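Order of the sequence lines fixes the chain letters, A, B, ..., with proteins taken first and strands second; residue numbering starts at 1 for each chain. Please read these numbers as outputs of a predicted model, since none were measured by experiment.
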Amino acid sequence: MKFRKAELRSFDSGSYKATIRLAGSYKVYLEDVAVARNLPAAEMVAGRRLAVLFFEDHSPGDAVVIAVYT
Amino acid sequence: MELMNDAAGYSAPGQGDLSVLDIGCQLDFSPGYITPAGGESSAGLSYSLESYEHVSAAGKYSLVLRAVDGWAALSGWRARHQFRWNKTSDDVNVLGIVRFVLARAGLGLAIRSQSAAVTGFYPDFTIGPGDSGREVIQKLMSFVPDVIFIEGSVAYLVNPLPTDSAVYSYGDGHPVLEGTYRRGAMKTNRVQVEGLGAGLIMAESFAWDEIERLYDRLDQVADRDIDSVSEAQQRGQAILRQAAIESEGGSILVPVNCGQQLYDVVAVTDARAGLDAVRKRVLGIVLGYYPRRGEYRQRLQLGAV
């Protein structure tokens, strides 16, 4: 299990998934990352910082955005 | 490696006649013997010089070389950005991702033997920025029963099977100077693997002989990249296989066998320990060459076949 910092690039309120840029990953994005449903869609604004939890370090399907801040 | 420097022959590494001996250079180590056919050696071991140190003390002048192998090169590689495979379709299998990561560290991949899982499993796999190559390779290899060892600039893939035949013998013509042989319980003898296909997938693998002796020792794996029962069973079997290999241990100290390689199966005979050509797998090799003490020996770490 690993926590990573990221930046929100886009958010799909229908599927509740996001495209994010992990900190340190210049111009390369991780798509279709699940977002915790307790995060209000209105707060998912591109450019905001995210906390992402990877239950399995290398499995993006097992990752979830758990916080949005700033 | 410590080189005598009494005559100051190694006083200026990286310069003049020693211009090639500098940080980052490749050191090839070829153990061998003087035989009736002359000097014979076995190539393959090579390292990268990480540092050197002059030692100047009363009666002792030497140059100590510290070098690292391919695993250190893998540890030294860090992902510049995120990588991802198989997001929407099965494009690159585990073997392909392993090959990609090894290449980032300047290592090639040669296949001695391979499992069905290493070519048939396509995980949705990502490497995060800053992840080390070594950690990534270890994670990928945890998906499959295969193992990797590195010699020089080549990594070799081996699928260790319990039916493998011995390729060399110790204890008859090749003496065993010391030996310890341990047999223990498997850390895990039952595995539940949970995956996610069209619905929840669950497969269990058992080592019944061990369970009968010790009751079950359970390991649980949840991996949403596993999308079929056969993949779940392969993962469970890979975990049990690793536990079986590690359930036996020990080592033997022998005169150097220049051709010995990791994961070879050898037959060990040691009557005092009740061993008569018992097959063991070589899990580690420590070669020591100490000219001052007249020692040239090899310690082989052993595991189950």
**Complete:** So, the part of A:Y29 with a heavy atom under 4.5 Å from chain B: the answer is backbone
**B:F83, B:W85, B:F125 screened by ring-ring contact (aromatic ring centres under 6.0 Å, His included) with A:H58, the one that passes** = B:F125
**Request:** Decide salt bridge (Lys or Arg N to Asp or Glu O under 4.0 Å) for A:K2 and B:D131; before the verdict, give the C-alpha distance in whole Å, the side-chain angles of both, and the deciding distance to 0.1 Å.
**Result:** CA-CA 11 Å; A:K2 184 180 281 185; B:D131 287 351; 3.4 Å; yes
**Request:** Side chain from CB out, backbone as N, CA, C, O: work out which of these in B:R84 comes under 4.5 Å of a heavy atom of chain A, or both, or neither.
**Result:** side chain
**Asked** Is the closest side-chain heavy-atom distance between B:D223 and A:E56 below 4.5 Å?
**Response** no
**Message:** Between B:K87 and A:D32, does any side-chain N to carboxylate O distance fall below 4.0 Å?
**Reply:** yes
**Prompt:** Would you say the side chain of B:K139 lies within less than 4.5 Å of the side chain of A:D57, judging by non-hydrogen atoms?
**Reply:** no
**Request:** Check whether more than 12 heavy atoms from other residues, nucleotides or ligands sit under 6.0 Å from atom OH of A:Y26, and answer yes or no.
**Result:** no
**Request:** Tell me, yes or no, whether the heavy-atom count around B:Y215 atom OH, taken from other residues, nucleotides or ligands under 6.0 Å, exceeds 12.
**Result:** no
**Prompt:** Do you know which two heavy atoms are closest between B:Q82 and A:S25, and how far apart they sit?
**Reply:** N-OG, 2.8 Å
**Message:** Looking at B:R182, I'd like to know if its CZ atom is crowded, meaning that more than 12 non-hydrogen atoms belonging to other residues, nucleotides or ligands lie closer than 6.0 Å.
**Reply:** yes
**Asked** Got a second to check how far A:K27's NZ is from B:H81's NE2, nearest 0.5 Å?
**Response** 12.0 Å
**Message:** For a 4.5 angstrom cut-off between non-hydrogen side-chain atoms, does A:P60 reach B:D124?
**Reply:** yes
**Message:** If you compare all heavy atoms of B:G128 against all heavy atoms of A:R4, which two are closest, and at what distance to 0.1 Å?
**Reply:** CA-NH2, 3.6 Å
**Request:** Determine whether more than 12 heavy atoms belonging to other residues, nucleotides or ligands lie under 6.0 Å from atom CD of B:E50.
**Result:** no
**Prompt:** Are side-chain heavy atoms of B:T126 and A:S59 found at a separation under 4.5 Å?
**Reply:** no
**Asked** Quick one: which residues of residues 6-24 of chain A reach chain B at under 4.5 angstrom, heavy atoms only?
**Response** A:L22, A:A23, A:G24
**Request:** Below 4.5 Å from any heavy atom of chain A, which atoms of B:A222 appear? Answer side chain, backbone, both or neither.
**Result:** backbone
